[in-house]
Amino acid sequence: MSKGHATAWAQLPVSLNQLCLATVLRCGQSFRWKASGPDEWSCGFSDRIISLRQSPTHLHYRATFPSPPPKSAKDDTAEIVKDYFNLSIDLAALYEKWSLADPNFKKKAGEFKGVRMLRQDPWECLIGFICSSNNNISRIGQMVDKLCATYGTPLGTITHTSTNPLSPSSPSSENKTPPTEVAYYSFPTIEALTTPDVEETLKKLGFGYRAKYIYKTACMVHKDRPKGFLNTLRDEKDYKEAHAELIQFMGVGPKVADCVCLMSLDKMGAVPVDTHVWQIATRDYKFGKGKHRSLTPVVYEAVGDLFRELWGDAAGWAHSVLFTADLRTFSDRLENTKTTTTTTVKSKTKVKVEVKEEEEDEKIKLEDVKVEEVEGEEVKTIEKRVRKRGANGEVKAEVVVKTEEVTERRTRRRRG
DNA sequence: ACTGGACCTGCCCCG
DNA sequence: CTACGCAGGTCCAGT
């Protein structure tokens, strides 16, 4: 495969308060950006590969076109980049507003500046988040890569240089890995995923039950909807209308629909409520005061309403900041986590739980507590996750959980 | 309306 | 080093 034709690097004036590339491209909005070098990122678009770098004052970009470059391919990369990053929206002003309305946001946002919503292609966004259900980010990325390599259009290759953060730019570093050529592809068109082989092929590629969802959804969009349907949801439908349309598709529930609304359809008030956001709502905002057993559709909407009332029209944008702060990938920014001890206790009968803490100082921090119980003779389940650490970041304290009739008990450790 | 299960698979951490 | 739990949910059948 050819390396293609790369344009010269160009730049747009963008501050780190407006955009933090390394955060936004890794926080699970898009699953397709690859680190192509130290502080360099690349992604295949419809007819070109776009590569990005960032300085404190500028966003640097360049395009690599397939060779020979199509005559139609004039370099409108700047427009694509501005659109993709929603750069017309003043993120710093929004942070000010959210910080004023919410002390918790203000506290968390300090370490997470420049977290903005991308404005992705609705089709890609839809399929990407169908892949995300009951799944982990690592595998989602792999699945989307396979999808593009199998059904997308080859766009050429990019030379990847060492991305190991432990071996920075110094060329003499022994740790550095040799450059490699990495192939890039466009995201598959709608039609490309409607061929009869798609479900079986994706199953073989490890998509599991999502293979059927993707195939069915592609067929629905292609055959049962007007041309350009998804894009009309952006301009011609409001949030509720778009959401209602999206959950008609196979494999698309309220959470995935909100992701598509927020990340590709300009619905800034859409708040995708996943396990993280549910956790944030109950832990940091005392939502429901522990009364809710599960995330039913009613509760789901109530959580979104809570955040919309708190943060206003662009609540989905604000939510992304706190969601990102909650990701383990970035956990080192809020606290220097070394070790976490998690204790899970399950019991078939009534359970007494006491959590003893040395109340010596406020360095001890209750990170994460979830309690679920069902009335009657049924199963009571208590899950408590408690982190305590000293000023230097060392975890020093442990949780004491006392129970009766314990039937199952696990303890696990994590490194951060 | 709400609840409980099943669901593909690969990664991560536990014994 | 293998195994169980889990991962940015959704669908389906029963109350």
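Sequence lines set the chain letters: A, B, ... in the order given, protein chains first and strands last, and positions in each chain run from 1.
Whole-Å rounding puts the Y209(A) OH to dC7(B) C1' distance at 6 Å. When rounded to the nearest whole Å, the span between CG of L246(A) and P of dT10(C) equals 12 Å. Rounded to a whole Å, the NE2 atom of H292(A) is 10 Å from the P atom of dT3(B). Following rounding to the nearest Å, F207(A) (CZ) and dA7(C) (P) show an atom-to-atom distance of 21 Å. Between the CG atom of N135(A) and the C1' atom of dC12(B) there is a distance of 14 Å, rounded to whole Å. Atom CG of L202(A) and atom P of dT9(B) are 12 Å apart (whole Å). Spacing between atom CE of M143(A) and atom C1' of dC8(B) amounts to 9 Å, rounded to whole angstrom units. Note: NE2 (H276(A)) to C1' (dG9(C)) measures 13 Å, nearest angstrom.
Distance noted for atom P between dT10(C) and dC11(B): 23 Å (whole Å). Only the P atoms considered, dA13(C) is 15 Å distant from dC8(B), to the nearest whole Å. Separation of the P atoms belonging to dT3(B) and dG8(C) is 24 Å when rounded to the nearest angstrom. dT9(B) and dC1(C) have their P atoms separated by 26 Å, given to the nearest Å.
Nearest-nucleotide positions on DNA chain C for M263(A) and M250(A) put M263(A) closer to the 5' end.
Residues T77(A) and R48(A) bring a donor and an acceptor atom of their side chains to less than 3.5 Å of each other. For the 3.5 Å distance criterion, the side chains of S15(A) and N17(A) fail to qualify, holding no donor opposite an acceptor.
Rounding to the nearest 0.5 angstrom, the gap separating the CG atom in L25(A) from the NZ atom in K34(A) is 13.0 Å. Summarising the geometry, atom CH2 belonging to W317(A) is positioned 8.5 Å from atom CG belonging to L262(A); distances are rounded to the nearest 0.5 Å. For the atom pair L19(A) CG and L52(A) CG, the distance stands at 8.5 Å (nearest 0.5 Å).
Scanning both residues, D258(A) and Y300(A), for their nearest heavy atoms gives OD2-OH, 2.6 Å. Nearest heavy-atom pair across W123(A) and P188(A) is NE1-O, 2.8 Å.
Considering only the side chain of T275(A), dG8(C) comes nearest among dC8(B), dT3(B), dG8(C). Which of dC8(B), dC2(B), dG10(B) sits closest to the side chain of N136(A) comes down to dG10(B). Side chain of R328(A), nearest nucleotide from dC2(B), dC11(B), dC13(B): dC13(B). In the set dT3(B), dA7(C), dT10(C), the nucleotide with an atom closest to the side chain of Y213(A) is dT10(C). Minimum atom distance to the side chain of D274(A) is reached by dG8(C), of the listed dT3(B), dG8(C), dG10(B). Here the nucleotide nearest the side chain of N134(A), chosen from dA7(C), dG8(C), dT3(B), is dA7(C).
Judged by distance alone, with hydrogens and angles left aside, K255(A) brings a side-chain donor or acceptor within reach of the base of dG8(C), the pair sitting under 3.5 Å. Put simply, the side chain of Y300(A) and the base of dG9(C) share no donor and acceptor less than 3.5 Å apart. Judged by atom type and distance alone, R139(A) reaches the base of dC8(B) through a side-chain donor-acceptor pair under 3.5 Å.
Aromatic ring orientation, Y209(A) versus Y213(A): perpendicular (interplanar angle above 60°, classes split at 30° and 60°).
Of the residues in residues 111-133 of chain A, those lying under 4.0 Å from DNA chain C by heavy-atom distance are S133(A). Within residues 309-321 of chain A, no residue approaches DNA chain B, by heavy-atom distance under 4.0 Å.
Note on V277(A): nothing from the nucleic acid sits closer than 4.0 angstrom, heavy atoms only. Using a 4.0 Å heavy-atom criterion, one finds that V273(A) contacts no nucleic acid atom at all. Counting non-hydrogen atoms under 4.0 angstrom, F31(A) reaches nothing in the nucleic acid. Counting any heavy atom pair closer than 4.0 Å across all strands shown, L327(A) reaches no nucleic acid atom. Nucleic acid contact class of G28(A) (heavy atoms, under 4.0 Å, all strands): base.
Counting only Watson-Crick and G-U wobble pairs whose two distances sit under 3.5 Å, DNA chain B takes part in these stems of three or more pairs: B:1-7 with C:9-15, B:9-11 with C:5-7.
Aromatic ring centres of Y185(A) and Y151(A) lie farther apart than the 6.0 Å criterion allows. In summary, the aromatic rings of F129(A) and F31(A) are positioned with their centroids under 6.0 Å apart.
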